[in-house]
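What follows is a set of notes on a single structure, which appears directly below.
Every chain is numbered from 1 and lettered A, B, ... according to where its sequence line falls, protein lines coming before strand lines.
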Amino acid sequence: MSRGSRLFHLLVIVSTGCVVLLVLLAFHSETPETAPYGTYVDRSVEETGATNRVAGVYLNYRLYDSLLEVLVFFVAVLGVRHYLGTRERAEIPTLAESEVVRTSAALLFPLALLLGVYLATLGQISPGGGFGAGAVAASGVLLASIALGIDAIERRLRRTTIERIERGALLVFLLLTLLPLPLGRPAMSDLLPKGSPGAVLSGGAIPLYNTLIALKVLAGSWLILRSFVRHRGEI
Amino acid sequence: MAFSAGIVLLGIGLVAIAIRRDLVIKLLALGLANAGSILCLVAIGDRPEARVPICAVCRDAVYADPLPQALVLSAIVINFAILALALVFVMRLVEHYHSTDSRRIEGLVQRDLREGGRS
């Protein structure tokens, strides 16, 4: 590499770092009493009905944020499957796992799914949410496929069914955000009753969105994982 | 303190992405930069003696800012998606060129382009 281009690279790195640092410092030096903090902390529980204020922010005030996040995730899943789906191996040899691993995987798999359901459905009143719930459930499925072999898992969870779940969850999510428009409300506004904060059925549409996101993340992560396994030929 | 540590991690990650030649190391550095930015965001949301922003009854308490935490959620998911997709591209490059060295792959791609143009 020539001296000039090395200097240019160094200059680019340093100037990018300076800009990032300036932006972060400018953001950090704001006083704590600025508007968004006060709005979200003081009013979000009454306005969204969710005692988990983080869920109130990302599934009510900033629903577009989560919508685009789900879309980015969908595009990534599509990309992984497009570039890895060309040469899939039919038979994946199962590792000779010991009885301990198989028994504990069979014991922990339903618990992981149950934890996923808990995180998704109670995300409005406790720490949790759709993304974490989907990741937990998908790692449970991965654990089971390590212990029992991916072929045994795919006999129960067919790929076409998983793909349908993934696309269906995204479609329902998109339609739910557009549903207020024909009813004369702005898009992405919450139509369901808020409920009393702290109750299981509260937060308007937040539990519904959390469940949809959990299904989407579970199906998407599992599709990514199975593409890697099928491409590599072993788990 | 946590904010400065986040900036340091972010800087290490960005510099490593720029100057390391191995593609897998570049992806690891991307993960490091992501972790640094998440640490910065969480530190921004912190208040002195702040509580977790999940509480229905305790009105007068000081809460951590929920907005950066909601952004962290996006950052984690997008990082997972980007890493998975980038790993797939690295796998394709390794299958084709049998190397993870970015400069070597670049040279091989240039050679392929020249040969493709000639034939």
Please check this pair: side chain of Asn210(A) against backbone of Gly130(A), looking for a donor-acceptor N/O pair closer than 3.5 Å. yes
Arg159(A) and Glu154(A) ion-paired at < 4.0 Å: no
Does any backbone or side-chain atom of Phe131(A) lie under 4.5 Å from a heavy atom of chain B? Answer side chain, backbone, both or neither. side chain
Would you give the length of the straight line joining atom CD1 of Ile54(B) to atom CG of Asn52(A), rounded to the nearest 0.5 angstrom? 4.0 Å
Within this structure, what is the CG-CD1 distance for the pair Leu39(B) and Ile7(B), rounded to the nearest 0.5 Å? 10.0 Å
Any residues in residues 58-77 of chain A near chain B, with a heavy-atom distance under 4.5 Å, and which are they? Tyr58(A), Arg62(A), Asp65(A), Glu69(A), Val72(A), Phe73(A), Ala76(A)
Counting only non-hydrogen atoms closer than 4.5 Å, can you tell me which residues of residues 80-91 of chain B sit against chain A? Phe80(B), Ala81(B), Ala84(B), Leu85(B), Leu87(B), Val88(B), Phe89(B), Met91(B)
Any donor-acceptor pair under 3.5 Å linking the side chain of Gln69(B) with the backbone of Val42(B)? no
Decide, yes or no, whether a salt bridge links Arg81(A) with Glu163(A) under the criterion of side-chain N to carboxylate O below 4.0 Å. yes
Less than 6.0 angstrom from the centroid, inside 45 degrees of the normal: does Arg92(B) satisfy that with respect to the ring of Tyr83(A)? no
Apply the test side chain to side chain donor-acceptor pair (under 3.5 Å) to residues Asp112(B) and Tyr97(B): give CA-CA distance (whole Å), side-chain angles for both, the deciding distance (0.1 Å), then the verdict. CA-CA 11 Å; Asp112(B) 280 6; Tyr97(B) 295 111; 3.3 Å; yes
Distance (rounded to the nearest 0.5 Å) between Cys40(B) SG and Leu71(B) CG: 13.0 Å
Interchain contact, Ser126(A) with chain B, by part (heavy-atom threshold 4.5 Å): backbone
Using a heavy-atom distance cut-off of less than 4.5 Å, which residues of residues 17-26 of chain B contact chain A? Ala18(B), Ile19(B)
Pairs flagged by salt bridge (charged side-chain N to carboxylate O under 4.0 Å, His left out) wherever residues 121-139 of chain A is involved - sequence neighbours left out: none
Return the minimal non-hydrogen interatomic distance between Ser227(A) and Val80(A), and the atom names on each side. CB-CG1, 4.1 Å
Heavy-atom neighbours of Glu49(B) CD exceed 12 at 6.0 Å: no
With respect to chain B, which residue among Val12(A), Ile125(A), Val57(A) yields the maximal number of heavy-atom pairs within a distance under 4.5 Å? Val57(A)
Nearest-0.5 Å distance, CD1 of residue Ile105(B) to NE2 of residue His98(B): 11.0 Å
Ile44(B) and Pro68(B) have their tightest heavy-atom pair at CG2-CG, 4.2 Å
